[in-house]
There are 2 protein chains.
Amino acid sequence: MPEKDGRFEAIIEKIRAKNFKLTPQRMAIARVLSDGGRHPTVEEIHEELRDRFPTMSLATVYRNVLLMKSLGEVMEIGFADGSNRYDGMRPHPHPHAICIACREILDPELSGLEDMSEEVARETGFEIVSHRVDFFGICPKCRAKK
Amino acid sequence: MPEKDGRFEAIIEKIRAKNFKLTPQRMAIARVLSDGGRHPTVEEIHEELRDRFPTMSLATVYRNVLLMKSLGEVMEIGFADGSNRYDGMRPHPHPHAICIACREILDPELSGLEDMSEEVARETGFEIVSHRVDFFGICPKCRAKK
DNA sequence: CTGCTAATTGATAATCGTTATCAATAACGG
DNA sequence: CCGTTATTGATAACGATTATCAATTAGCAG
C-alpha cells in the first residue's frame with residue numbers, strides 16, 4: 001500500500017480534527033486516494049475496493065470523495081465529458097499532462113506558472129486564486145503503439 | 001450584430017463546403033457564436049434566439065453547436081459542474097481568466113505558453129497537441145462589490 | 001416554379017454521472 | 001455496554017446532454 005509522505009495520515013488526521021467518524025470504508029477510500037501518482041475515477045475507487053468491501057455503495061465513494069475535497073485534502077480534476085478524477089497526493093492546483101489515447105495523467109514539474117499567473121492578474125485586473133493547466137497529447141507508450 | 005473579422009462568414013462557408021444545409025436556425029446560432037468576446041452556454045444561445053425563433057428546440061442548439069465544434073469552428077470550454085460554454089470567435093485553445101463570482105470569461109493575451117508546452121513535452125515525453133489553461137479569480141467588478 | 005429526396009427540425013424519451021432521501025447500521029464518548 | 005448521531009447501502013431524483021422519430025424544409029433537377 002504505497003502512500004508517499006504522510007498523505008494518508010494527513011487526510012485521516014483532518015477528518016478526525018473535524019470530528020467526522022473514521023469508518024473502515026472512509027479509511028480505505030482515503031488510502032486509495034493517497035496512493036501516489038494515481039488519478040482514479042470514482043468508479044475505479046469503487047472497483048478497487050470491491051474485494052474488501054463487497055457491499056460498499058457507489059454513493060459512499062461519492063460522499064467521501066466530496067468530504068475530502070471539501071476538507072481540502074483531495075483535488076478534483078474534472079472534465080466536460082464527465083470523466084472526473086481525483087488526487088489525494090497533491091491536493092493543490094498543479095499542471096497535468098494528459099494522454100488523449102490511454103487517459104493517463106502525469107504531474108510534470110513546471111516553472112513559470114507563477115509568472116504567468118501574475119501576467120494574467122496584470123492584464124485582466126483579476127485577483128487570481130487558482131488555476132487549471134492541462135496539456136493534452138500522446139504519451140510515449142501510446143505513440144509506440146501507432 | 002457585431003461579429004469581428006469574418007468568423008460568421010468562415011463558419012457558414014465551412015458548413016456549405018461540407019454540404020450541410022443552411023437553415024435559418026443554424027445561421028442564427030452561428031451568428032451568436034461568432035459574436036465577439038462572448039462565451040455563451042447552450043441555454044443562453046437558446047434564450048437569446050427565443051424572440052426570433054419561438055419554436056426552436058434546445059436540441060437544435062445542441063446539435064448545431066456539436067456540428068460546428070466537429071467542424072473545428074467552435075471551441076468548447078467545458079467545466080466539471082456542467083456549465084459548458086462555447087466560443088466561435090477563437091476556435092483554437094487559448095488561456096482564460098474566469099471570475100468565480102460572476103462567471104465572466106476573459107481571453108488574456110499570454111506569452112510563454114509555447115515554452116511551457118515544450119517544457120512539458122521534454123519532461124514527460126508526450127507529444128503535446130492541445131492544452132487548456134484557465135486562471136480562476138475575482139474580476140475587478142466583483143471585487144468592488146465586496 | 002414545381003416536385004423530389006435527404007437532411008434538419010421540434011418534441012420528447014432515454015441516458016449517464018452525480019446527488020438526495022431514508023431506514024438500518026455502526027462509531028465513539030460516556 | 002448504551003445511547004446518540006453520523007454514516008452507510010439501496011435506490012429514487014436530478015440536470016445536462018444525446019437519441020429517437022415523425023413532420024418539415026433546404027437544395028437541386030427538371
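Please read these numbers as outputs of a predicted model, since none were measured by experiment. We name chains A, B, ... by the order of the sequence lines, and we start the count at 1 in each one.
If you measure from atom CE of A:Met56 to atom P of D:dT11, you get 17 Å, rounded to the nearest angstrom. The distance from atom CZ of B:Phe53 to atom C1' of D:dT24 is 15 Å, rounded to the nearest whole Å. Here D:dT17 presents its C1' atom at 14 Å from CG of B:Asp81, a figure rounded to the nearest Å. Between the P atom of C:dA27 and the CG atom of A:Asn64 lies a distance of 13 Å, rounded to the nearest Å. Across the protein-nucleic acid pair, B:Ile12 atom CD1 and D:dA26 atom C1' stand 14 Å apart, rounded to whole Å. At whole-Å resolution of the value, CZ in A:Phe79 and C1' in D:dT17 are 19 Å apart. Put simply, CG on A:Leu58 is 10 Å from P on C:dG17, counting in whole angstrom units. For A:Arg85 and C:dG17, the CZ to C1' distance is 14 Å, given to the nearest whole Å.
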B:Arg85/B:Glu104 under salt bridge (Lys or Arg N to Asp or Glu O under 4.0 Å): CA gap, chis, key distance, verdict:
CA-CA 11 Å; B:Arg85 290 163 179 279; B:Glu104 187 191 21; over 6 Å; no

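Looking only at atom types and distance, the side chain of B:Ser34 has no donor-acceptor partner in the side chain of B:Arg31 under 3.5 Å away. For the residue pair A:His92/A:His94, the side-chain donor-acceptor check at 3.5 Å is not satisfied.
In this model, the phosphate group of C:dT18 is approached by a side-chain N or O of A:Asn84 to a distance below 4.0 Å at OP1 or OP2. The side chain of B:Tyr62 places an N or O atom within less than 4.0 Å of a non-bridging phosphate oxygen (OP1 or OP2) of D:dT17. For C:dT8, neither phosphate oxygen OP1 nor OP2 lies less than 4.0 angstrom from any side-chain nitrogen or oxygen of B:Arg63. The side chain of A:Ser57 places no N or O atom within less than 4.0 Å of a non-bridging phosphate oxygen (OP1 or OP2) of D:dA10.
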Measure all distances between protein nitrogen or oxygen atoms and nitrogen or oxygen atoms of nucleotides 27-30 of chain D, and list the pairs falling under 3.5 Å.
{"from": "D:dG27", "atom 1": "OP1", "to": "B:Leu22", "atom 2": "N", "distance (Å)": "2.9"}

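Judged by a 6.0 Å distance limit and a 45° cone about the ring axis, A:Arg132 is not positioned over the six-membered ring of B:Phe79.
Residues in residues 114-123 of chain B take part in these side chain to side chain donor-acceptor pair (under 3.5 Å) pairs, two or more places apart or across chains: A:Ser111-B:Glu119.
In terms of position along DNA chain D, the nucleotide closest to B:Gly82 lies nearer the 5' end than the nucleotide closest to the other residue of the pair B:Gly82 and B:Gln25.
Within 4.0 Å (heavy atoms only), A:Pro54 reaches no atom of the nucleic acid at all.
Shown here are the side chain to side chain contact (heavy atoms under 4.5 Å, CB included) partners of A:Glu48, two or more places apart in sequence or in another chain: A:Val32, A:Arg38.
Residues A:Val42 and A:Leu71 are members of one and the same hydrophobic cluster, defined by side-chain heavy-atom contacts under 4.5 angstrom among Ile, Leu, Val, Met, Phe, Trp and Tyr.
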